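Worksheet: one structure, shown below.
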2 protein chains.
Amino acid sequence: MNSKVSKTKLADIARAAGVSPMTVSRVLNGRGGASPETAAKIEQLADEMRYRPNAVARALKSDRSGIIGVVVPDIANPFFPDVIRGVESVAMQNGYNLLLCNVVESAERELNLVRILETHRVDGVILCSARLPDAALSKALQGYKAAVLLNRTLAPETAGSITIDYRAGAADAARHLLNLGRRKVAVIGGPTTSVGAAERLEGIRSAFLSVGADSPVVVHCMPDIAGGAAAAAELLKAHPDIDALICYNDLNAIGALQYCEATFRSVPKDIAVIGFDGITLGELVRPQLSTMHVDKYAIGELCMRMLLDRIDGKFIQHRIVVRPELIVRTSTMLEQQAISGQVDFA
Amino acid sequence: MNSKVSKTKLADIARAAGVSPMTVSRVLNGRGGASPETAAKIEQLADEMRYRPNAVARALKSDRSGIIGVVVPDIANPFFPDVIRGVESVAMQNGYNLLLCNVVESAERELNLVRILETHRVDGVILCSARLPDAALSKALQGYKAAVLLNRTLAPETAGSITIDYRAGAADAARHLLNLGRRKVAVIGGPTTSVGAAERLEGIRSAFLSVGADSPVVVHCMPDIAGGAAAAAELLKAHPDIDALICYNDLNAIGALQYCEATFRSVPKDIAVIGFDGITLGELVRPQLSTMHVDKYAIGELCMRMLLDRIDGKFIQHRIVVRPELIVRTSTMLEQQAISGQVDFA
DNA sequence: CTCGGATACGTTAACGCTAACGTAGATTCT
DNA sequence: AGAATCTACGTTAGCGTTAACGTATCCGAG
């Protein structure tokens, strides 16, 4: 409206400095090609006029938005904020920002979000725990310059992939419980649509098979505390003799702990409980939760770094597997060990 | 490069359908002005050609990006994911997406992020717990079409504001502890730069003043678990007779609980501990944490709705105050009450 | 002093989309 | 029948930026 200095755009600065917009663009992008005096005048004017480069125009012109789409199932699950922080730290160092989307465990919504992000011409996407079937996911990812999947694998030309070795991790967890002498083990299996959930089951079954034990009962549920509590209730009502639970994630495990506490079952004496992920919360609940731990922040960094490589057309590695590490805490501890399970403050 | 159908853009569809780009634009934006047959053909072609409207170009043209900037201090604090979910749900219903940024408790970085978001021409920002001084914050917000602050207030024309009544809440917490008979109360005060922290202190001091008690000792710290533990250590080493702690937030309180557990102080017998925020975590730790609870999801929704109004130029209300609610759990319970403090599963 | 090559700029056009305006034909009204 | 209105489109231009290319000036080497 105001015709003088209104839009505070590049051309106004150019006019004020008596140079061409191109010169201003060059100076402001640090690409040189201007005398020190001209550059100084331009910088000063830009500052005075509170000029902010228009990233939208730049994106249109250059076909690079400087934005990375990140899709997570549920930001309220403490697993994902850690991952996001890792992603963000690398992204920010490289001049990218994050467009964050929550799927809330709905495949339909996931597809929708992937489309929307494409619309926004993000320079890449990181999909955490995608729930879509392979074919649909591949198709949805076609339009992207670069994509990285966490806990999911597709053809390497479609997307890079960082996966947690849930098979091995779950087998480790199962063996840990077997070593404790537990034989009536059940599984709180998380969402049916989760690929990671299926992998965990395979790992657990193979561990049981290799010692000649029966395959454990499985109940599926939402991957949160309430889901875990409900699943525990279902399992323990049907099979009161269960003496150990392997849970899809720590939230499910904590839900199970809650149910056990409410029904006066002692953990780990009556029932051992182990989770997955290694969220901080697991150290805070009582009994402290045993878990298959992964470094979520590092995984976030890995995702973003791989995505950056793909954006740059460098396909150095398209597959990274992270092995979870067993952390034994009170919820699966033998009694004599449990005594010394205290936090230490100097 | 490929000249036929390469860029899958609007003009290609227009060519293929034998109409003008404008007609395609109209159809694809559901603005009518085309015969049913033409519209059908266009829709079909758009689908076949896997056309995705270019939100960047649209944003440049219309000066509306469809993106909301959200700045939080620390996404790993469970307070914020809840808020974000509330924001996102309203945003998504209205066709907006979230550009999320983590400040990690640095005012400099905060300023930087606000600038970057401006560059991206977001349609509005929601700043959660801004740490910048008033003047700098006002200035940084000048370039925005719309802004809403959580837990901070500026001139209504600069930004809308949703605040938690920390003064009243903290006074309630203080009175609760006084009613319990505690007289050696100390405060774990959170970050010195937090405006909310100062408000809490005022509330606490006034509550103490009105019963003629001394103003409590205060120690500041980072608003996370480690910060709370460190602050508790500092306080209890200097003043071993402290019998209650009011904490900046639940994370600080949980840190304090950890320290108490490690140093064999019984909560609430030796020390009562109360937090702020009402994060789920507080119900999961033992003893369960008393807290001044606020509905974080609802607050997120409020923020986004207020922002939408401001984007539309409707300044219906520019200030909403949410009153926190005292939730008494085991960490400040009298012993006879504590017995029945159990979760109930049917 | 002349020429090759820096240096310091300017011009043009295009990124994909749509507001604003224009027009031709069909329909309705008086 | 002529005017007024409506429908279904097309044309032009511009959002802010920058790649690509063009040009003028100056400086030192031969």
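Remember, predicted model here, so these are calculated numbers, not experimental data. Numbers restart at 1 for each chain; the letters A, B, ... are given by sequence-line order, proteins then strands.
The distance from atom CZ of B:Arg26 to atom C1' of D:dT7 is 11 Å, rounded to the nearest whole Å. Between the CZ atom of A:Arg31 and the P atom of C:dT7 there is a distance of 17 Å, given to the nearest Å. Distance, B:Met22 CE to C:dA20 P: 11 Å, rounded to whole Å. When rounded to the nearest whole Å, the span between CG of A:Asp63 and C1' of D:dT18 equals 13 Å. Taking atom CD on B:Glu118 and atom P on D:dG16, their separation rounds to 14 Å, with Å as the unit. Whole-Å rounding puts the B:Leu28 CG to C:dG16 C1' distance at 13 Å. Spacing between atom CG of B:Leu60 and atom P of C:dC17 amounts to 12 Å, rounded to whole angstrom units. Going from atom NZ of B:Lys61 over to atom C1' of C:dT18 covers 5 Å, rounded to whole Å.
Sequence order on DNA chain D of the closest nucleotides to B:Ser20 and A:Ala57 puts B:Ser20 first from the 5' end.
The side chain of B:Leu10 lies closest to C:dC17, out of D:dG10, D:dA20, C:dC17. In the set D:dC9, C:dT18, C:dA13, the nucleotide with an atom closest to the side chain of B:Pro21 is C:dT18. With C:dC17, D:dG16, C:dG10 as the choices, the nucleotide that has an atom nearest any side-chain atom of A:Thr23 turns out to be C:dG10. With distances taken from any side-chain atom of A:Ser25 to the nucleotides D:dT18, C:dG10, D:dC9, the minimum falls on D:dT18. When the nucleotides D:dT17, D:dG10, C:dT18 are ranked by their closest atom to the side chain of B:Asn29, C:dT18 comes out on top. With C:dC17, D:dT17, D:dA8 as the candidates, the nucleotide lying closest to the side chain of B:Asn54 is C:dC17.
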### Message
Run B:Arg85 and B:Asp82 through salt bridge (charged side-chain N to carboxylate O under 4.0 Å, His left out) and show every step you take.
### Response
CA-CA 5 Å; B:Arg85 295 223 317 189; B:Asp82 280 359; 5.3 Å; no
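B:Val56 comes within contact range of no nucleotide atom at all, as no heavy-atom separation falls under 4.0 Å. Using a 4.0 Å heavy-atom criterion, one finds that A:Arg64 contacts no nucleic acid atom at all. As judged by a 4.0 angstrom heavy-atom cut-off over every strand, B:Thr38 is placed among residues touching the sugar-phosphate backbone only.
The side chain of B:Ser35 contributes an N or O atom lying less than 4.0 Å from OP1 or OP2 of D:dC9.
Side-chain contact between B:Cys101 and B:Val72 is absent, with no heavy atoms from C-beta onward closer than 4.5 Å.
Here OG1 of A:Thr158 is found 10.0 Å from CG of A:Asp134. Values are rounded to the nearest 0.5 Å. To the nearest 0.5 Å, atom CE of residue A:Met306 and atom NZ of residue A:Lys314 are 13.0 Å apart.
Here the closest heavy-atom approach between residue A:Val87 and residue A:Gly300 is recorded as CG2-O, 3.3 Å.
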